[in-house]
Amino acid sequence: MSRSPTLWVEPGELLGHRWDPAYWDPGLRDPLARCAFPVAELGEFIPEGGIKYGRILPGRRPPEGDGPLYVTQRSIRPTGFDPGACVRIEEGCAWDTPQHRVLHNDLLLPRSGVGTLARGVMAVFQQDDSAVVDCFTDRVCLEGYSSTVVALFLRTPQGWLQIHRLINGVGPPNISFGEIRGLQVPLFPGPLVEAIEARHRRVQRAHLAHLARRESVRTAGRESTVDPHCSELARAASRELVAALAAVSAWVEGEALPG
C-alpha cells in the first residue's frame, strides 16, 4: 500500500494563508526563485478600483441593442480577445455602467471556471470599441506596467504556477481581487519590456488574421470549422503564442536575452 507524501509546514507560515495541502505543494511555492530581475506585487500597479467585474442581476439578462460589446468568458480565447463571441447590449442599461466599462489595454481575466481561469486563459482589450464586462470576467486596469507583458508573463510557468497555487484548493477554481493584487511580476528593464510587447504583437497579428478569415468564410455562408485556411490560421496563432511564452519564460530567468 503506497503512502501519501507528507508536507511539513511551520505553524507560523500558516498565519494568513490557506490550509489546504495543495496550496503548500513544494513545486508551487516559489516559481520565481530563479528570476533574474527584482519582483513586485501586481497590486502596486493597479489603482484603487482598478479591478472590477460586471453587475450581478440574478434572473435577468442584459437587453440586446446597438451599444457596447458585452464581454463574457466565451470571448476570451487562448490567443486573444474575440469580439465575434460578444453580443451588443443597450447603451445605458443596468449592465452598462461607467465602472464596468472596459478601457483600451485593460487585462481581461476570467475570475472563475475550469475551462477559462483554470486553463490560464486571459486577453488584453485592444479594440477601438466600447465594451462592458459580465459578472464572471474581471477587467484589470494597470498603471506603470504593461498589460501585454502581464498577459504573457502570467501564462508562463513562473506566472501560471502562482495562479495554479491559488485556485488548486477546495471547491470550484476562482481568484479574488486580493489574490490578483498579490501575484508577483518581474520588473523587466525597458528593452526587455519592448521585446515582450513585440512578441505579443506577433501573437495578435496571427490571432486577428484568423478572426478576419473566419468572418469572411461566415459572410460567404460557409462553416469556418471546415475551412482549411481558417484552421491553419488558428494553428499559426497558437504556434505564435507557444513560442512567445517559451521566450518570455526563458527571459524571466535571464536566458537568451534579446539583443
In Å and rounded to the nearest 0.5 Å, what is the CZ to SG distance from Arg88 to Cys86? 9.0 Å
Could you grab the distance from atom CD of Gln184 to atom CG of Leu154, nearest 0.5 Å is fine? 11.5 Å
Is it the case that the side chain of Asp138 and the backbone of Val140 share a donor-acceptor pair, with hydrogens and angles ignored and the cut-off at 3.5 Å? no
For a 4.5 angstrom cut-off between non-hydrogen side-chain atoms, does Arg77 reach His210? no
What one should report as the nearest heavy-atom pair of Ala209 and Leu233 is O-CD1, 3.6 Å
Spell out, as yes or no, whether a donor-acceptor pair under 3.5 Å connects the side chain of Ser238 to the backbone of Ala234. yes
From CG (Leu69) to CD (Gln127), nearest 0.5 Å: 7.0 Å
Would a 4.5 Å heavy-atom cut-off, applied to side chains only, mark Leu211 and Leu208 as touching? yes
Donor-acceptor contact present, side-chain Gln162 to main-chain Pro31, <3.5 Å: no
Check whether Arg74 reaches the backbone of Ala85 with its side chain - one donor and one acceptor, N or O, closer than 3.5 Å. yes
Calculate, to the nearest 0.5 Å, the distance between atoms NE2 and OG1 belonging to His100 and Thr137 respectively. 11.5 Å
Contact between Val217 and Arg213 at the side-chain level, heavy atoms closer than 4.5 Å - yes or no? yes
How close do Ala206 and Ala237 get, heavy atom to heavy atom, and via which atoms? CB-CA, 3.6 Å
If you count every heavy atom of other residues, nucleotides or ligands that lies below 6.0 Å from Arg202 atom CZ, does the total exceed 12? no
Give me the ring orientation class for Phe81 and Phe125: parallel if the planes are under 30° apart, tilted from 30 to 60°, perpendicular past 60°. perpendicular
Evaluate the criterion side chain to side chain contact (heavy atoms under 4.5 Å, CB included) for residue pair Leu152 and Leu241; output intermediate values, then yes/no. CA-CA 9 Å; Leu152 286 182; Leu241 175 62; 4.1 Å; yes
Quick one: do Glu215 and Arg218 satisfy salt bridge (charged side-chain N to carboxylate O under 4.0 Å, His left out)? Show the steps, please. CA-CA 5 Å; Glu215 184 61 26; Arg218 290 178 175 177; 5.2 Å; no
What closest approach, in Å, do Leu166 and Leu183 show between heavy atoms, and which atom pair accounts for it? CD1-CD2, 3.9 Å
Could you tell me whether Arg201 and Glu240 have a side-chain N and a carboxylate O separated by less than 4.0 Å? no
Verify the cluster assignment for Val102 and Val132: are they in a single hydrophobic cluster under the rule of side-chain heavy atoms below 4.5 Å apart? no
Any donor-acceptor pair under 3.5 Å linking the side chain of Arg181 with the backbone of Ile51? no
For Ala195 versus Pro258, what's the shortest heavy-atom pair and its separation? CB-CG, 3.6 Å
In terms of hydrophobic clusters joined by side-chain contacts under 4.5 Å, are Val252 and Val203 together? yes
Within one Ile-Leu-Val-Met-Phe-Trp-Tyr cluster: Ile89 and Leu103, side-chain cutoff 4.5 Å: no
I'd like to know if Asp106 and Lys52 make a salt bridge, using a cut-off of under 4.0 Å between side-chain N and carboxylate O. no
Report yes if some heavy atom in the side chain of Pro78 is under 4.5 Å from a heavy atom in the side chain of Arg155; otherwise report no. yes
For Val87, is there any backbone N or O sitting under 3.5 Å from a side-chain donor or acceptor partner on Glu64? no
Nearest 0.5 Å please: distance from the CZ atom of Phe136 over to the CD1 atom of Ile76. 12.5 Å
May I ask you to decide if Arg101's main-chain N or O and Arg139's side chain share a donor-acceptor pair within less than 3.5 Å? yes
Hey, does Tyr145 have a side-chain heavy atom less than 4.5 Å from the side chain of Phe188? yes
With a 4.5 Å heavy-atom cut-off, do Trp95 and Pro63 have their side chains touching? yes
What are the two closest non-hydrogen atoms of Gly254 and Leu257, and how far apart are they? O-CG, 3.9 Å
Crowding at OH, Tyr53 (>12 non-hydrogen neighbours, <6.0 Å): no
Nearest heavy atoms of Met122 and Pro110, plus distance in Å: CA-CD, 4.4 Å
Arg111 side chain to Cys135 main-chain N or O, any donor-acceptor pair under 3.5 Å? yes
Side chains of Phe45 and Val150 in contact at under 4.5 Å (non-hydrogen atoms): no
Hey, is the main chain of Glu197 close enough, under 3.5 Å, to the side chain of Thr148 for a donor-acceptor pair? no
Is a side-chain N or O of Gln158 found less than 3.5 angstrom from the main chain of Ser249, in a donor-acceptor match? yes
Shared ILVMFWY cluster between Leu142 and Val39, side chains joined below 4.5 angstrom? yes
Do Tyr70 and Leu57 share a hydrophobic cluster (ILVMFWY, side-chain heavy atoms under 4.5 Å, transitive)? yes
Side chain to side chain contact (heavy atoms under 4.5 Å, CB included) for Gln204 and Val124? Distances and angles first, verdict last. CA-CA 10 Å; Gln204 288 309 290; Val124 178; over 6 Å; no
Tell me, yes or no, whether the heavy-atom count around Arg34 atom CZ, taken from other residues, nucleotides or ligands under 6.0 Å, exceeds 12. no
So Phe177 and Ile46, do their side chains get closer than 4.5 Å, heavy atoms only? no
Rounding to 0.5 Å, atoms CD (Gln126) and OG (Ser147) come to a distance of 6.5 Å
